[in-house]
Amino acid sequence: MTPLQLVSRPLLGVFFVNAGVGTLSDPEPPAGMAAPFLDKLREKVPLPGDDVTLVRVNAAVQVVAGALLTTGRIPRTAALALAASLLPTTLAGHSFWEEEDPGQRAAQRIHFGKNTAIMGGLLAVISDANHQAMAHVMRTRAKKHKAGHCPLHPRHTAPGRKPGGARISSLKPGGGHRARSK
């Protein structure tokens, strides 16, 4: 893990742990805010009728996935779970386009923007995991190359071998194994 990841992942993860714990301790206000969105969603997707339970499940996902991201365990999966939980939270809680009051509209727009920025950070964690896997593969290949596991490289050929791995004694004019030429 890079030093930047050591700092950025816990910053994202702790945010969700705190938000989830707060919601779990008092789920009724967020459930009230989510009710209109959940009612619209139920027209298209079968969901349980208890809004408080849905809010608690979402908060539990945030606590668990936030803790996993904070500790660096399965960060890609944790970030994906957090992104999935953040989407309905953002749409239900910060629908600024439905606000009449200009002050409330501005405040909700700020929260909506904050959540979309956090979503960007989560997507960066998801995509960075793949980058780190590729970096690991490249480091492993480089180590093997330095250790002499590259049969095509002239520096790594054993005595009596030509680049390409064929023994000099096995080369026959007009047939047999041939050494690769560059």
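What you see below is based on every heavy atom in this structure, not just the backbone, and it leaves out hydrogens, waters and symmetry mates. Bear in mind the structure is a predicted one, so any value in this text is a computation, not a measurement.
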Please examine the side chains of Thr53 and Pro48, heavy atoms only from C-beta on, and report whether any two atoms are closer than 4.5 Å.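 Sidechains of Thr53 and Pro48: no contact.
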Hey, is NZ on Lys40 packed in by over 12 heavy atoms from elsewhere, all under 6.0 Å? no
How many angstroms lie between [atom1] in [X] and [atom2] in [Y], if you round to the nearest 0.5 Å?
X	Y	atom1	atom2	answer
Arg76	Leu68	CZ	CG	15.5 Å
Ile118	Leu123	CD1	CG	12.0 Å
Thr89	Asn58	OG1	CG	4.0 Å
Leu6	Leu11	CG	CG	11.0 Å
Leu91	Asn115	CG	CG	9.5 Å
Glu43	Leu38	CD	CG	11.5 Å

[Y] reachable from [X] in the ILVMFWY side-chain graph, under 4.5 Å edges:
X	Y	value
Val64	Leu82	no
Leu87	Leu80	yes
Val61	Leu86	no
Leu54	Val45	yes
Ile74	Val125	no

Would Asp50 and Arg56 pass as an ion pair if we require N to O under 4.0 Å?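 A salt bridge is absent here (no side-chain N lies under 4.0 Å from a carboxylate O).
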Going through the checks in order, is the side chain to side chain contact (heavy atoms under 4.5 Å, CB included) test met by Leu69 and Leu122? CA-CA 10 Å; Leu69 184 60; Leu122 292 170; 4.1 Å; yes
Show me the donor-acceptor pairs, under 3.5 Å and distance only, between side chains in residues 102-110 and residues at least two apart or in other chains.
from   : atom 1 : to    : atom 2 : distance (Å)
Arg105 : NE     : Glu99 : O      : 3.2
Arg105 : NH2    : Glu99 : O      : 2.6
Gln108 : OE1    : His94 : ND1    : 2.8

Restricting to non-hydrogen atoms, name the atom on Ser85 and the atom on Gln62 that form the minimum distance, rounded to 0.1 Å.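 Shortest heavy-atom separation between Ser85 and Gln62 comes out as OG-CG, 3.3 Å.
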What's the shortest heavy-atom distance between Ala78 and Arg73, and which atoms?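 Closest approach of Ala78 to Arg73, heavy atoms only: CB-O, 4.5 Å.
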ILVMFWY clustering at 4.5 Å (side-chain atoms), partners of Val17: Val21, Leu24, Val63
Counting N and O atoms only, with roles assigned by atom type, does the side chain of Thr116 sit under 3.5 Å from a partner on the main chain of Gly113, one being a donor and the other an acceptor?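 Yes; judged by distance alone, with no hydrogens or angles, the pair exists.
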Taking ring-ring contact (aromatic ring centres under 6.0 Å, His included) as the definition, give me every residue that meets it alongside Phe37, ordered by chain and number, with sequence neighbours left out. none
